[in-house]
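Below is one structure; the comments refer to it alone.
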Amino acid sequence: MTPPPAPEHRTLPVASPREARRILWRALRPERTGVALAFLVLILTVSAGLFIPPALGRIVDVAEQGGTPADLVGPLVVVTTATVVQGIAGSGGWYLVIRVGEKVLAALRERVLTRALRLPQADVERSGTGDLVSRVSNDVDQVSEALREAVPQLLWASFTVVLTLVGLAALDWRFALAGLVSMPFYLWAARGYTVVAPPLYATERQAEGTRSQSLVESLGGVRTIQALTLGPRHLRRTDRASEVARRTRIRTADTTAWFFSRIHLGELSGTGAVLLVGALLVGEGSASLGEATAAALYFIRLYDPIGALVNLLDEAQSATASLRRLAGILDVPVESRAGTAAPATTELTIEGLRFGYADGPDVLHGVSLVLRPGEQVALVGSSGAGKTTLAAVAAGIHDPREGVVRIGGVPVVSMDRDELRRHVTLVTQEVHVFAGTLAQDLRLARPDAADAELRTALDLAGALPWVDQLPDGLSTVVGEGGHEVTAVQAQQVALARLALRDPAVAILDEASAEAGSAGARLLERSMTRVLAGRTALLVAHRLTTAATADRVVVLEQGRVVEEGTPQELAAGDGPYAALWRAWNAAR
Amino acid sequence: MPRTPASPHTAGSVVRLAFSRSRRGAILTAVLVSVHQICEASTPVIVGLALDDAVAAGSVSRTWAWLALLAGVYVVLSLCGNGAGPVGVRAATRAEHDVRQAVVARVLDPRGARHHRSTGERLSIASSDAAQVGRAVDTLAVGTSGAVALVVATAALFLTSPTLGLVAVASVAVVVFLAPLLARPLQARSALQQEAAARSAAVAVDMVSGLRVLGGLGAQGHAADRYREVSQASRRARVRAGAAESVFDGITRTIGGFLLVAVAAVGALLALRGELTPGQLVAGVGLAQFLVGPVQRLAATGALIASVRASAGRIAEVLNTPFAVTDTVHADGSRPHRLPATVEAVDLRGEHLDGLDLQVGPGQLVGVVVEDLGARTELLDVLARRRVPGAGQLVVGGRPAGELSLAELMAHLVVPPHEASLFTESLTDLVGTDGEAALAAAQAGPVAGRVADDGLLHGGQNLSGGQRQRLCLARALAADPPVLVLDDPTSALDPVTETAVATGLRRLRSGRGSTVLLTASPTLLSVADQVVLIREGRVVLRGTHVECCADDRYAAAVLT
């Protein structure tokens with residue numbers, strides 16, 4: 001089955017058109033000098049062009065009234081000069097527009113990504129990263145395209161239309177009036193693009209989002225697909241998603257095509273009116289043939305810009321849809337917390353924690369736990385017991401529904417996020433090696449770290465032996481598309497990042513889960529070295545990890561059911577002892 | 001050795017491939033746009049003639065007659081113009097779709113790829129570049145209509161006055177020679193710019209994919225800084241390309257303007273000599289003014305071709321990616337044979353393997369413990385046919401793997417990756433209609449129940465690591481191949497669940513086929529019929545788990 005478009009409540013918010021415009025405006029404001037300069041040059045370009053039709057009209061008059069070749073020199077010089085000025089100013093103006101436009105665009109996409117990275121994790125989990133990925137790629141593309149192509153053309157076209165009407169009026173006000181006869185048709189066309197088209201574009205975007213989600217999954221899951229020979233199925237799936245997106249595109253094209261007729265009616269009526277007024281004025285002797293010619297040439301010169309103007313409304317609409325999705329990201333409130341006093345000790349206390357995702361039921365039912373400074377506590381329990389959730393809430397990733405997490409007495413909800421992470425770092429279950437050089441990846445944890453410090457951290461994590469074997473050492477490109485690292489190596493990189501970050505409290509979520517058992521022992525040693533001296537909460541899978549911890553906490557269905565030293569618990573007959581027996585049965 | 005295709009893909013062949021199904025639509029679009037252009041070209045002529053015949057005389061009624069003719073032309077113009085959009089979109093999206101599917105098919109090809117691209121890059125090629133290739137329809141329409149309009153307008157100028165026609169032809173000739181020369185630096189910059197844009201997009205996607213890792217580390221700010229760097233590099237490349245474009249644009253515009261000046265000057269002189277009526281002069285000037293359009297269209301075609309070619313080139317690169325392994329194609333096109341459920345490694349050698357021998361008999365469950373991670377990866381790669389062994393061979397169902405087609409091999413021997421992906425699909429898509437037993441064996445029943453509420457897995461995003469692992473295992477078991485190789489299938493499970501999975505796995509696989517477990521988990525190894533220990537690239541110990549536990553090397557690898 002084709003995955004249906006994600007239901008509304010699952011996606012990140014989409015901002016109102018007004019909000020989207022406000023965000024664009026705010027991106028433009030810092031560049032207002034550049035924008036103004038580009039405007040001026042564009043106006044100069046268009047103005048230069050205005051001299052051409054009257055000069056051509058004068059040439060017609062000279063020809064009609066039988067002047068001498070010398071009479072032609074003046075108008076020809078005007079046309080030539082106007083052409084050259086138009087060419088040079090046009091180039092300059094275009095370049096200025098590109099320069100300022102790209103600045104604005106870069107600022108906008110950077111702002112969007114920066115905010116995207118800081119979205120409350122619960123929101124992202126609910127909507128899936130696909131939606132976010134599609135916004136930072138597709139929608140950024142759409143808006144870029146519009147800012148690059150549509151906006152400059154829109155400016156040029158509007159200047160041309162306004163200034164040409166001025167030119168027509170300068171010939172005779174009745175010519176300008178004749179030109180305005182076409183206006184209702186153009187407005188009618190514009191209405192089509194602004195009223196009828198937007199919902200079509202919204203549907204189109206949604207279909208494209210689904211297509212991109214399906215592409216992300218298929219192109220990202222290549223190994224799984226190859227191993228289980230799911231290729232044909234995934235080809236069918238992307239085929240279907242792409243077909244649906246295609247059909248929505250076609251539906252939009254079919255509907256909007258007829259709006260062109262309205263533009264054509266505008267051209268026809270305007271040209272006709274100008275010619276008729278010309279005939280009248282020439283007949284009554286208040287205009288020369290040359291002036292009537294100039295008026296007709298003026299109006300014909302308007303075809304392109306007006307056509308472009310109406311057409312661009314179309315692109316502007318579709319870009320607005322994307323801009324709204326980008327603005328939607330910027331709209332998600334990111335609570336800025338006032339940084340209070342730094343925690344005095346490295347004690348982690350968890351009190352009566354209740355938590356659930358979105359509107360879902362509680363996953364944690366009043367968990368309390370105290371980790372004394374430097375103490376290493378292992379969290380065990382069957383999968384789905386809420387260990388990962390507890391780790392995330394304890395790290396301050398999610399805000400609890402009830403209860404409080406404190407570090408050295410300071411509630412984490414009152415700490416600024418960046419400040420908080422200097423004290424508590426969470427190594428997630430999911431490992432991700434960032435695309436780029438290994439050094440770049442590590443410096444995400446500490447940008448100012450020297451190479452020597454990176455090596456020290458890698459050494460602590462036990463990664464130095466293989467890093468030294470890499471073709472370019474620290475400068476080897478790793479991550480997607482680069483040198484492939486094993487699951488164990490990826491974990492070691494994660495541990496090295498932790499060492500670089502150097503927090504007093506570390507929370508490790510199933511850090512050895514994906515390493516496989518052979519690598520797990522290697523990682524245990526790395527973990528011991530990296531965690532030395534830190535307060536640590538470990539979500540433990542291998543009971544050997546738990547067995548070496550200072551204390552073990554057993555979590556079942558969101559509740560702490562047992563707590564004590566590993567030796568005590570193993571000797572008893574509680575849930576830990578059951579786990580311990582299962583673990584040892586084959587040993 | 002991987003086979004090199006007889007004819008590697010080029011940008012041109014990609015465009016041909018894209019339009020293999022939509023050539024007609026593309027051509028029809030070009031025809032419609034061209035007719036539309038011809039109608040537009042005739043507008044200034046009709047206006048010129050109207051000025052000469054009716055306006056000059058101040059006759060409103062004769063002006064109406066000319067307007068009727070103009071209206072007739074506009075009916076044709078409107079029909080062609082309106083038709084071009086839908087026809088063009090159909091052709092462009094068809095081409096885009098076809099080339100996208102070709103990219104997806106190549107990426108998913110079971111023969112694999114010798115070098116990898118990031119998901120972000122693949123995504124960008126399958127979406128943005130495919131769309132760009134679809135725009136070849138516009139390129140063709142813009143180019144053709146530009147050329148047609150140019151020819152028609154020049155011809156009309158010739159009819160008005162051969163001298164004017166010659167002036168126009170001379171100016172156009174200059175443009176035709178100049179444009180490609182001017183467009184060349186544009187192409188290089190355009191390619192650089194698109195590359196930088198792709199890199200910046202890929203970094204954005206990569207950062208968002210690693211969102212949780214960044215969140216846990218509190219490195220969002222640093223990540224944003226890094227994105228800013230590539231984004232700024234992309235901006236600079238774009239501005240450089242834009243500078244070239246704007247110069248190019250200015251020059252073509254100016255040349256068009258000079259054409260107008262030349263026609264106006266020559267026409268006026270001719271008119272002064274009485275060789276041209278004022279009306280013909282107006283028509284000539286109108287046509288010359290119109291000619292600027294087609295000349296610009298032709299010039300723009302150069303830039304459009306450049307970006308279509310850059311995108312098609314990137315797609316060609318994907319399609320040309322050498323395969324990791326070759327497929328043995330059977331000349332007789334025979335159907336897959338039913339082979340015994342065995343697999344055997346004979347004297348495998350390579351980077352880390354050093355004479356590895358391994359036999360898995362029918363219905364056997366064999367545990368494989370590999371000390372060295374390099375050897376482990378290499379063994380898995382060879383089994384999964386991601387790599388051709390340096391020496392030795394894999395014997396599958398009694399036949400050398402090299403003799404079997406890839407389809408036969410894949411049907412016989414399944415090696416799901418350890419970090420397997422889940423997709424947005426239904427439970428039925430995951431384990432089939434009779435997956436109950438597989439779900440039960442993998443202890444995935446409760447998770448499956450949760451998924452069933454929603455109906456879709458959503459890539460397993462809201463599931464814990466253990467839940468995801470159990471679903472992946474259930475999927476592998478439900479695939480029910482004669483030989484199944486599992487890479488640490490229980491690493492994210494707690495010991496109680498793991499024990500249950502070990503028992504379930506054993507029960508489900510016995511009587512169905514043989515199973516290889518690459519693991520050091522004693523729980524799993526204890527249910528195996530036989531275990532082997534691999535050290536320094538070869539098997540050093542064989543026996544049951546209990547027997548082997550007496551060996552120090554085995555105990556050190558498994559029990560600590």
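In what follows, every chain begins at residue 1, and chains take the letters A, B, ... in the order their sequences are listed.
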With side-chain hydrogen bond (donor to acceptor under 3.5 Å, both in side chains) as the test, would you mind laying out the steps for A/S242 and B/R100 before giving the verdict? CA-CA 9 Å; A/S242 172; B/R100 169 176 304 126; 3.0 Å; yes
Hey, is the main chain of B/T254 close enough, under 3.5 Å, to the side chain of A/Q86 for a donor-acceptor pair? no
Heavy-atom nearest pair, A/L444 first then B/H222, reads O-ND1, 2.5 Å
Chain B contact via A/R422 - which portion, at a heavy-atom distance below 4.5 Å: neither
Hey, does the side chain of B/R235 reach the backbone of A/A106 with a donor-acceptor pair shorter than 3.5 angstrom? no
According to side-chain hydrogen bond (donor to acceptor under 3.5 Å, both in side chains), who are the partners of A/T238, at least two apart in sequence or on a separate chain? B/Q101
Sole candidate of A/T293, A/V282, A/L297 that passes side-chain contact (heavy atoms from CB on, under 4.5 Å) when paired with B/L51: A/T293
So, are B/D494 and A/K387 salt-bridged, with charged N and O less than 4.0 Å apart? no
Could you check A/L56 against B/L260 for side chain to side chain contact (heavy atoms under 4.5 Å, CB included), going step by step and ending with a plain yes or no? CA-CA 10 Å; A/L56 292 174; B/L260 181 63; 4.2 Å; yes
Closest approach of A/A63 and B/L272, non-hydrogen atoms and distance? CA-CD2, 4.1 Å
Salt bridge flag under 4.0 Å for residues A/R211 and B/E96: yes
Check whether A/R246 reaches the backbone of B/R90 with its side chain - one donor and one acceptor, N or O, closer than 3.5 Å. yes
So, does A/R421 use its side chain to make a donor-acceptor pair with the main chain of B/G215 at under 3.5 Å? yes
Given heavy-atom pairs under 4.5 angstrom as the criterion, report whether the side chain, backbone, both or neither of A/I52 touches chain B. side chain
Relative to chain B, which of A/G92, A/G220, A/G90 shows the most heavy atom pairs under 4.5 Å? A/G220
Under 4.5 Å from any heavy atom of chain A, what part of B/A201 do you find: side chain, backbone, both or neither? neither
Stepwise side chain to side chain contact (heavy atoms under 4.5 Å, CB included) test for B/E419 and A/V431: CA-CA 10 Å; B/E419 52 304 310; A/V431 286; over 6 Å; no
Sort out for me which of A/F434, A/W258, A/W580, A/W94 touches chain B most, counting heavy-atom pairs under 4.5 Å. A/F434
Considering all heavy atoms, the nearest A/S212-B/L123 contact: O-CD1, 4.2 Å
Quick check against the 3.5 Å criterion: does A/R501 have a side-chain atom that pairs as donor or acceptor with the backbone of B/L217? yes
Donor-acceptor under 3.5 Å (B/R475 side chain, A/L228 main chain): no
Full working for side chain to side chain contact (heavy atoms under 4.5 Å, CB included) between A/R443 and B/R226: CA-CA 10 Å; A/R443 286 201 174 100; B/R226 248 200 73 201; over 6 Å; no
Is there a side chain to side chain contact (heavy atoms under 4.5 Å, CB included) between A/T80 and B/F258? Walk through the geometry before answering. CA-CA 7 Å; A/T80 313; B/F258 284 153; 3.9 Å; yes
Correct closest heavy-atom pair for B/V415 and A/A227 would be O-CB, 3.2 Å
B/A223 and A/L117: which non-hydrogen atoms are nearest, and at how many Å? CB-CD1, 3.8 Å
Which atoms of A/T68 come close to chain B, meaning under 4.5 Å heavy atom to heavy atom: side chain ones, backbone ones, both, or neither? backbone
Among A/T425, A/L265, A/L219, A/V136, who wins on heavy-atom pairs under 4.5 Å with chain B? A/L219
Smallest heavy-atom separation, A/L235 atom then B/L108 atom, equals N-CD1, 4.4 Å
For A/T486, is it the side chain, the backbone, both, or neither that has a heavy atom closer than 4.5 Å to a heavy atom of chain B? side chain
Among A/P69, A/G278, A/S144, which residue forms the greatest number of heavy-atom pairs with chain B at distances under 4.5 Å? A/P69
Engaged part of B/D52 at the chain A interface, taking heavy atoms whose separation is under 4.5 Å: neither
Under a 3.5 Å distance rule, please check whether A/T224 uses its side chain to pair with a backbone N or O of B/S421 as donor and acceptor. yes
For the backbone of B/S231 and the side chain of A/R109, can you confirm whether one donor and one acceptor N or O come within less than 3.5 Å of each other? yes
Side chain to side chain donor-acceptor pair (under 3.5 Å), paired with B/Q232, selected from A/K103, A/E102, A/E110: A/E110
Please flag which part of A/A395 lies under 4.5 Å from any non-hydrogen atom of chain B: side chain, backbone, both or neither. neither
Does any backbone or side-chain atom of A/D141 lie under 4.5 Å from a heavy atom of chain B? Answer side chain, backbone, both or neither. side chain
